[in-house]
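First comes the structure, then the notes that go with it.
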2 protein chains.
Amino acid sequence: MTAVAARKSGGISIPCTACPLRKLSRFREFNAEELAFVLELKRGELSVERGAAIVMEKSASPHLYTVLSGWGFRYKTLADGRRQILNYILPGDFVGLQTSVFEMMDHGIESLTEMLLCVFPRDRLLDVYRRCPSLGFDITWLAARQERLLDDNLLSVGRRTARERMAFIFLYFYRRAEEAGIVQGRKLRLPITQQQLADTLGLSLVHTNRTLGKLRATGSIRWTDGTMEIVDVDRLIAIAGSDFATDQVRPFI
Amino acid sequence: MTAVAARKSGGISIPCTACPLRKLSRFREFNAEELAFVLELKRGELSVERGAAIVMEKSASPHLYTVLSGWGFRYKTLADGRRQILNYILPGDFVGLQTSVFEMMDHGIESLTEMLLCVFPRDRLLDVYRRCPSLGFDITWLAARQERLLDDNLLSVGRRTARERMAFIFLYFYRRAEEAGIVQGRKLRLPITQQQLADTLGLSLVHTNRTLGKLRATGSIRWTDGTMEIVDVDRLIAIAGSDFATDQVRPFI
DNA sequence: CGCGATTTTGAGAGCCGTCAAGATACGTGG
DNA sequence: CCACGTATCTTGACGGCTCTCAAAATCGCG
């Protein structure tokens, strides 16, 4: 985790009209009005390196971000350092809403890879609702989706065994990467450490390692050199108890 | 948990102009336009008895609700019956957003007491954003708040010990009841069973009971006959490791 | 007064955490 | 290209927190 957060690139090199993500069929299309408004709203791009603190815990941030590329995660820590990873952030995700609404972030955001983020000024948030109601609705949609992801994680951490939990989180990674269009075949880059996986699952590092060993032994997944591969989806679903639910079409700011 | 869900009262007996909750200083004030719009939007009231299923898992609901009185909770279950309580629902809370946004609820909502809910048609949700942007923003605000509550719960279940977790959830009950204006002195009605508490904390019933016994022995809280009392807040905060954060002013639809 | 729901207590097993140390991988400087 | 320090992964040993099974006690209600 690098203390120095990020470097902000000077201007806008990727106009929304040529947004590489919008082309994915996964995202709903913008009409001309929406596109014009977002284009006008966008303040720039933020490029961060791996391991950067995008938002610090207990601090305010003047920005809202949409992820264009890369992986990150949201987390909270206790006073003695115990950490819980709350959710992962992938391309298409919208982050920073809590800052805009509560004046203070009570969770941190950190990058797992180099990331490219779209920057919007948070003080214009209310304008979004006034001038482009359909985008306001989209923001609510995205917030409700975050809530659903958290529901899943909470169920998992609270009620699934370590083995089920781990199978489920791999399904989560797979499905979310599919959504973001970064799965190649059955493989995807999974740029996390076992410590981070442990902090996600609510387990210790040691037990995470052992559980991972057993899960690998089932032959349903592989995960080496930062690349994970789903070998037997059905097997993995059977171990987890259920699949991770995704959406067909989603908004994207 | 009664299978029969609820009985819908005929019309509107409490007009929004005389909403008993809005008087609480906790909630931000409406201007005339907002009030008129909500009044027009409100479809009626729903009165449910204790233990009713307000929303079933894996079902769609045509309504959005604002809680006027009573306690409830959101939950998810696994195929074999293990259950996780995700969050509690108190007066002033807005529920049913996930249904409106995803066409399907993947969590259930159940009442813990008799409840009175304001009913809004979900197919008018987009109208809210178009015709009253400030209310649209409020809905997003409430969704972001839900997210923050879930963040806290996830941190708790994932990384706190049983003892810390239980101290924290009692602070949660206390602070949330304060927000809702249903604390009298240091006492409040806490209409849950130990099994429900266990499902909230991610613990077994037996261990919940034992942990509760030890927590009671510290003298920081009392909880008998459905009434809980905070005897020593600072002590409880010390055990939990931190207090539960609340908001000063919040919107209310 | 009797029955079901809830709470409490006991006993034993095991999942999971902590402590510890070694193995492997990786980046950096010589 | 090699040496070395750091981060990450792996494995062993052991303790204990938490689970399950079981049953008794208490409460709520008709």
Side-chain angles (χ1 to χ4, degrees), chain A residues 1-3 49-52 78 80-85 110-114 156-167 169 189-217 221-228 239, chain B residues 1-3 49-52 78 80-85 110-114 156-167 169 189-217 221-228 239:
Chain A
M1 172 166 40
T2 315
E49 60 201 12
R50 190 190 126 165
L78 294 172
D80 63 3
R82 281 174 286 176
R83 180 175 72 167
Q84 177 66 39
I85 292 182
E110 195 176 312
S111 63
L112 286 162
T113 64
E114 64 287 2
S156 218
V157 173
R159 285 306 186 203
R160 280 190 237 254
T161 65
R163 178 190 168 86
E164 294 167 342
R165 229 180 283 183
M166 190 172 286
I169 203 70
R189 184 170 168 217
L190 185 62
I192 66 172
T193 66
Q194 288 186 24
Q195 180 62 66
Q196 286 157 346
L197 184 58
D199 287 343
T200 305
L201 301 177
L203 299 170
S204 71
L205 171 60
V206 174
H207 197 61
T208 296
N209 180 271
R210 287 193 226 272
T211 305
L212 179 58
K214 288 176 195 162
L215 197 60
R216 277 172 169 150
I221 62 141
R222 293 200 193 103
W223 178 32
T224 47
D225 302 321
T227 298
M228 90 169 237
I239 296 171
Chain B
M1 171 166 43
T2 316
E49 59 201 14
R50 192 191 125 162
L78 294 173
D80 62 3
R82 280 173 288 176
R83 179 175 71 167
Q84 177 67 39
I85 292 182
E110 195 176 311
S111 63
L112 286 162
T113 64
E114 65 287 2
S156 219
V157 173
R159 285 307 186 201
R160 279 189 236 255
T161 66
R163 178 190 168 87
E164 294 167 341
R165 229 180 281 183
M166 189 170 287
I169 203 71
R189 184 171 167 215
L190 186 61
I192 66 171
T193 65
Q194 288 187 25
Q195 179 63 65
Q196 286 158 347
L197 184 58
D199 287 344
T200 305
L201 301 177
L203 299 170
S204 72
L205 170 60
V206 173
H207 196 61
T208 297
N209 180 271
R210 287 192 226 274
T211 305
L212 179 57
K214 288 175 194 163
L215 196 59
R216 278 172 169 150
I221 62 140
R222 293 200 193 102
W223 177 31
T224 47
D225 303 321
T227 298
M228 92 168 236
I239 296 171

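To find a chain, count down the sequence lines: A is the first, B the second, and so on, and within it residues start at 1.
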Expressed as a whole number of angstroms, how long is the span from [X]:[atom1] to [N]:[atom2]?
X	N	atom1	atom2	value
A/Arg82	C/dT18	CZ	C1'	13 Å
B/His207	D/dC21	NE2	P	17 Å
B/Arg163	D/dG16	CZ	P	17 Å
B/Lys214	C/dT8	NZ	P	14 Å
B/Leu201	D/dC17	CG	P	17 Å
B/Arg160	D/dT18	CZ	C1'	19 Å

Under 3.5 Å: donor-acceptor pair, side chain of [X], backbone of [Y]:
X	Y	value
B/Arg159	A/Leu203	yes
B/Ser111	B/Gly51	yes
A/Thr161	A/Glu164	yes
A/Arg165	A/Leu201	yes

Touch class at under 4.0 angstrom, heavy-atom based, for A/Gly202 against every strand present: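 Result for A/Gly202 = sugar-phosphate.
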Name of the residue among A/Asp199, A/Leu205, A/Val206 meeting side chain to side chain contact (heavy atoms under 4.5 Å, CB included) with A/Gln194: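 When A/Asp199, A/Leu205, A/Val206 are each tested with A/Gln194, the side chain to side chain contact (heavy atoms under 4.5 Å, CB included) holds only for A/Leu205.
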Close N/O contacts between protein and nucleotides 25-29 of chain C (under 3.5 Å):
none

Approximate separation, where rounding is to 0.5 Å, of A/Ser204 OG and A/Arg82 CZ: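 One finds 13.5 Å between OG of A/Ser204 and CZ of A/Arg82.
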Enclosure of A/Arg216 CZ (heavy-atom neighbours >12, cutoff 6.0 Å):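 Atom CZ in A/Arg216 is crowded, with more than 12 foreign heavy atoms closer than 6.0 Å.
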Test: A/Arg50 and A/Glu110 ion pair at under 4.0 Å: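 Result for this pair is no, no salt bridge flagged.
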Base-contact (B) and sugar-phosphate-only (S) positions in nucleotides 5-14 of chain D, heavy-atom cut-off under 4.0 Å, - elsewhere: ---SSBBBB-
